[in-house]
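First up is the structure itself, then whatever we jot down about it.
What you see below is based on every heavy atom in this structure, not just the backbone, and it leaves out hydrogens, waters and symmetry mates.
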Amino acid sequence: MKTTDTPPSGPSGTPSDADAAKIPAQRTGTVSKGSAAPAKSSEGRVLNVFSHGMLVLWAIMVVLPLFWAVMSSFKTDSDIFNTPWSLPSSLNFDSWGRAWSQAHMSEYFLNTILVVGGSLTGTLVLGSMAAYVLARFEFPGNRFIYFLFVGGMSFPIMLALVPLFYVMDNMGLLNTIHGLIAVYIAYSLPFTVFFLTSFFRTLPTSVAEASIIDGASHTRTFFQVMLPMAKPGLISVGIFNFLGQWNQYMLPTVLNTDPEKRVLAQGLVELAASQGYKGDYSGLFAGLVIAMLPVLAAYMIFQRQVVSGLTAGALK
């Protein structure tokens, strides 16, 4: 017969002296185990303060130069040199007028809007169509084409400048707006297809199947059903492409040497050289602010869509 190690109890069923001696020890053990919670919470608070401190420091490092450039654009040249860190005594808009008209920033701005607007539209349309096919249809060579786009992201653009120049020259596309648009589209397609392929895979297939059953063609299903559902991803990749194409300098410098068709990045370099020799630093700061305002405005308007588009690809 198997015996247990249960300690004997008293005649009236109450715990014995041995059991009574164990109760304080058990309570002591319980308290000692719970004492680790305050230590963990204190470590979490220290880590939280450290992470927030680093974020505040990073925000100051990013915002302070932008604020100083905006502030200097409203100053005179003497105020910039005498009191560089003080607020402007009065808003001076003459520097903005000089940068916009005399430095031809208006022409560069218009050329940039034409190039970036056309290339961004073409990139999103072609990239979304290619990504949808690669994400939804299985056919021989599907993975090969996908990895071909992925490999395009790792190809240095500097290695393609010389052959690209001769190709554009033979096709008569040098120093043209539409030629620069075509190059921007080809430059932005690999990342766009890579990003949107993962996004289209997260969308429900039942909606597309129901549309096909109702008699819609694949083209109509894509443009009227799937493309509106991919709006967060399109906005996210559109913002990234907008930033890259708006600030692009190397491609227009090589392929666009006509002074009348320069884009904003080329105009800023010309402005820095000309205004630096003239000593018109307030006009130079005004030109810098004019160039960065559309980028800041685009991100502030579509900030939530960018975050939702980035996180949607991880939720499946």
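Asn142 places no side-chain N or O within 3.5 Å of a backbone atom of Glu138 that could act as its donor or acceptor partner. The backbone N or O of Phe165 lies less than 3.5 Å from no partner atom in the side chain of Asp169, so there is not a single donor-acceptor pair. Put simply, the side chain of Ser72 never gets that close to the backbone of Ala69: no donor and acceptor are under 3.5 Å apart. A donor-acceptor pair under 3.5 Å is formed between the side chain of Ser128 and the backbone N or O of Val125. Although no hydrogens or angles enter the test, the distance criterion places a donor-acceptor pair under 3.5 Å between the side chain of Asn175 and the main chain of Thr257.
Between Phe74 and Phe285 the shortest side-chain heavy-atom distance does not fall below 4.5 Å. At a threshold of 4.5 Å between non-hydrogen side-chain atoms, the residues Val115 and Thr112 do not count as touching. Contact check for Asp258 versus Leu174: no side-chain heavy atoms found under the 4.5 Å cut-off. Proximity of Leu120 to Tyr184: side-chain heavy atoms (C-beta onward) are nowhere separated by under 4.5 Å. Ser188 is not listed as a side-chain neighbour of Ile185, based on a closest heavy-atom distance of 4.5 Å or more. Residues Asn111 and Glu260 form no side-chain contact, since every pair of their non-hydrogen atoms from C-beta on lies 4.5 Å or further apart. When side chains are defined from C-beta on, Leu234 counts as touching Leu227, because their heavy atoms get closer than 4.5 Å. With contacts defined as side-chain heavy-atom distances shorter than 4.5 Å, the pair Val63/Trp58 does not qualify.
A pairwise comparison of heavy atoms in Thr221 and Ala216 identifies OG1-CB, 3.7 Å as the closest pair. Nearest heavy atom pair, residue Pro259 against residue Tyr108, reads O-CE2, 4.0 Å. In plain terms, the two heavy atoms of Asn256 and Gln266 that are nearest each other are O-NE2, 2.9 Å. Considering every non-hydrogen atom in both Lys75 and Asn92, the closest pair reads O-ND2, 3.6 Å. In terms of heavy-atom proximity, Ser73 sits nearest to Ser95 at O-OG, 2.6 Å. What you find for Met226 and Ala208 is that their closest heavy atoms are SD-CB, 3.8 Å.
For the residue pair Thr219 / Ser217, no side-chain donor-acceptor distance below 3.5 Å is found, with atom types taken as modelled. Of the N and O atoms on the side chains of Arg220 and Ser211, not one donor lies less than 3.5 Å from an acceptor on the other residue.
In this structure, the separation between CG on Leu161 and CG on Leu164 is 7.0 Å, given to the nearest 0.5 Å. Note that CG of Leu180 is 10.5 Å distant from NE2 of His178, once rounded to the nearest 0.5 Å. To the nearest 0.5 Å, atom CZ of residue Arg136 and atom CD of residue Glu209 are 8.5 Å apart. Remark: Leu173 CG to Thr176 OG1 distance equals 5.0 Å, nearest 0.5 Å. Note that CG of Asp79 is 10.5 Å distant from CE of Met71, once rounded to the nearest 0.5 Å. Within the model, atoms CE of Met229 and CZ of Phe222 stand 12.5 Å from one another, a figure rounded to the nearest 0.5 Å.
No more than 12 heavy atoms of other residues, nucleotides or ligands sit less than 6.0 Å from atom OH of Tyr166. Around atom CE of Met250, no more than 12 heavy atoms belonging to other residues, nucleotides or ligands sit under 6.0 Å away. Heavy atoms from other residues, nucleotides or ligands lying under 6.0 Å from CZ of Phe144 number 12 at most.
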Q: Start with the C-alpha gap between Ser236 and Ile239, add the side-chain angles, then the distance that decides, and say whether side-chain contact (heavy atoms from CB on, under 4.5 Å) holds.
A: CA-CA 5 Å; Ser236 299; Ile239 291 295; over 6 Å; no
Q: Determine, stepwise, if the pair Leu271 / His104 fulfils side-chain contact (heavy atoms from CB on, under 4.5 Å).
A: CA-CA 9 Å; Leu271 179 64; His104 307 288; over 6 Å; no
Q: Let me see the working for Met292 and Leu66 under side-chain contact (heavy atoms from CB on, under 4.5 Å), right down to the final yes or no.
A: CA-CA 9 Å; Met292 71 180 183; Leu66 298 179; 3.6 Å; yes
Q. When you look at Ser282 and Asp77, which way does the side chain to side chain donor-acceptor pair (under 3.5 Å) test go after all the steps?
A. CA-CA 6 Å; Ser282 58; Asp77 293 333; 3.1 Å; yes
Q: Start with the C-alpha gap between Tyr299 and Trp246, add the side-chain angles, then the distance that decides, and say whether ring-ring contact (aromatic ring centres under 6.0 Å, His included) holds.
A: CA-CA 13 Å; Tyr299 183 78; Trp246 186 270; over 10 Å; no
Q.
What verdict does the side-chain contact (heavy atoms from CB on, under 4.5 Å) test give for Leu134 and Phe139, after you've listed the backbone C-alpha separation in whole Å, the side-chain angles of each residue and the deciding distance to 0.1 Å?
A. CA-CA 9 Å; Leu134 293 174; Phe139 56 90; 4.1 Å; yes
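A distance of 6.0 Å or more separates the ring centres of Phe194 and Phe149. Here Phe81 and Tyr281 bring their ring centres to under 6.0 angstrom of each other.
Linking Ile, Leu, Val, Met, Phe, Trp and Tyr whenever their side-chain heavy atoms come within less than 4.5 Å leaves Tyr249 and Val116 in two separate clusters. One hydrophobic cluster, built from ILVMFWY side chains closer than 4.5 Å, cannot hold both Phe155 and Phe147; they sit in different ones. Cluster membership for Met300 and Phe67, using ILVMFWY side-chain heavy atoms within less than 4.5 angstrom, is not shared. No continuous path of hydrophobic side-chain contacts links Val62 to Leu293 [ILVMFWY only; heavy atoms under 4.5 Å]. By the rule that hydrophobic residues join a cluster once side-chain heavy atoms approach within less than 4.5 Å of another member, Leu288 and Val269 end up as members of separate clusters.
Between Phe240 and Phe191, the angle of the ring planes goes over 60°, which puts this pair in the perpendicular group of the 30/60° scheme. By the 30° and 60° cut-offs, the orientation of the rings of Tyr132 relative to Phe200 is perpendicular.
Taking the ring centre of Tyr146 as origin, the terminal cationic atom of Arg201 falls inside the region bounded by 6.0 Å and 45° from the ring axis.
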